Amino acid sequence: MPHSPEALAAALRRQAVFCAELGSPLWSEAMEAVAADIETGGGFGGLLAGWEGDLERGVLALRLFGGLHYLALAGKAPALAAQLPSTGGTRDGALWSALCEALAQHENLLRSFLDHPPQTNEVRRSAIFLGGFLEIAARSGLPFALCEIGASAGLNLCWDRFAYHLGAHRWAGTDPALTLIADWRGPPPRLDLSPVVASRQACDLRPIRLGEREARLRLQGYVWPDHLDRLAQLRAAMALGHEMEIRVDEAEALDWTAQRLAARPEGQAMVIYHSVVLQYLDAAAQARFAAMIEAAGAKATASRPLAWLSYELASAERGYALDFAYWPGGERRRLAIAQPHGRWIEWMGSS
């Protein structure tokens, strides 16, 4: 059932607050303006009027503004591009008129962006996962069979090719292609370990094909246009992923995971991991997903272990957390709390 204008405007304003808190005043202000436009029956209200998704989990604002940023990056909305730092622009008071012009000229394209969840493929989340990967290496001593769920372009499959500056702590993978920097709080992770990756697999309902220009532009569109450091990291990681011939299967998460769990290799540690994915699954699907991993874990052995790293929303108060599970043994721990874009990581320590 379609939402009321008041509900749509409230959803835009909630995301505007998040954008402001996470360092994007430009998109925050623009979302506030769109919310006011919805309330007064403007053009954006007409665009969003028929949307029937979940306003709490569906991140409607990020879908819309991903489309707008894509238009600027692709050269389809030059007036908007002239206002955005990501396209070399400078705000001069014409942002609202540029947004309205983009809507008038590309309403159908923007409507298509509303149909699909955003795919940010936050590369700095590898800095959040790193401590978890090192924990798994300490327990298993085996090469990794990586399986990422909701992987978008699969850039976080390349985590072992990055260098990490985590506060005063350093870790460098094999021939690092870029450096990820995060504010690190707490004790260091197991920096003396160097896991070996035996295989890299991933799935997504709409995988980004790194060899396709339009797909790369769409992925960049979900980065906020005043976050130039995130955009630079994304572009460097896309180049690396293309070089490594990273491939992401077009598949539904539960069936794909079940198939991988059933074919776990001997002599390797299978690592199931995901970031900000579960919110797009309903409660029943989340329960089935957890149950299948736990059932597979119950059959794990020392020569065929299973690990699960989950970076998801923990609570409104604590934000996003990295949770860890390992079999055999069924150990479960919360490893870290971290900012969604990986700018800071509060590490809770190794066991």
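The figures that follow rest on heavy atoms only: side chains count, while hydrogens, waters and symmetry mates do not. The model shown is predicted, which means the values in this text are computed figures rather than measured ones.
- Remark: Tyr70 pairs with Phe113 by the ring-ring contact (aromatic ring centres under 6.0 Å, His included) rule, at least two apart or across chains.
- With sequence neighbours excluded, the residues satisfying salt bridge (Lys or Arg N to Asp or Glu O under 4.0 Å) with Glu56 are Arg14.
- Sequence neighbours left out, the pairs with a member in residues 89-109 that pass ring-ring contact (aromatic ring centres under 6.0 Å, His included) are Phe44-Trp96.
- Arg185 is linked by a salt bridge (Lys or Arg N to Asp or Glu O under 4.0 Å) to Asp183, counting only residues two or more places apart in sequence or in another chain.
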Indicate every side-chain donor-acceptor pair of residues 276-285 with a distance under 3.5 Å to a residue at least two apart or in another chain.
residue	atom	partner	partner atom	Å
Asp282	OD1	Ala284	N	3.2
Asp282	OD1	Ala285	N	2.7

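- Taking Arg260 as the reference, Asp249 meet the salt bridge (Lys or Arg N to Asp or Glu O under 4.0 Å) condition, with sequence neighbours excluded.
- Every residue was checked against the ring-ring contact (aromatic ring centres under 6.0 Å, His included) condition with Tyr326, not counting sequence neighbours, and none meets it.
- Evaluation of the side chain to side chain contact (heavy atoms under 4.5 Å, CB included) rule for Ala7 yields His3, Ser4, Leu55 as partners, not counting sequence neighbours.
- When the side chain to side chain contact (heavy atoms under 4.5 Å, CB included) test is applied to Gln259, no partner is found at least two apart in sequence or on another chain.
- Residues that satisfy the salt bridge (Lys or Arg N to Asp or Glu O under 4.0 Å) test with Arg209, not counting sequence neighbours, are absent from this structure.
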All N/O donor-acceptor pairs, side-chain side in residues 146-154, below 3.5 Å, sequence neighbours left out:
none

Acceptor/donor pairs from residues 20-28 side chains to any protein atom, 3.5 angstrom cut, sequence neighbours excluded:
residue	atom	partner	partner atom	Å
Ser24	OG	Asp226	OD1	2.7
Ser24	OG	Asp226	OD2	3.3
Ser28	OG	Ala16	O	2.8

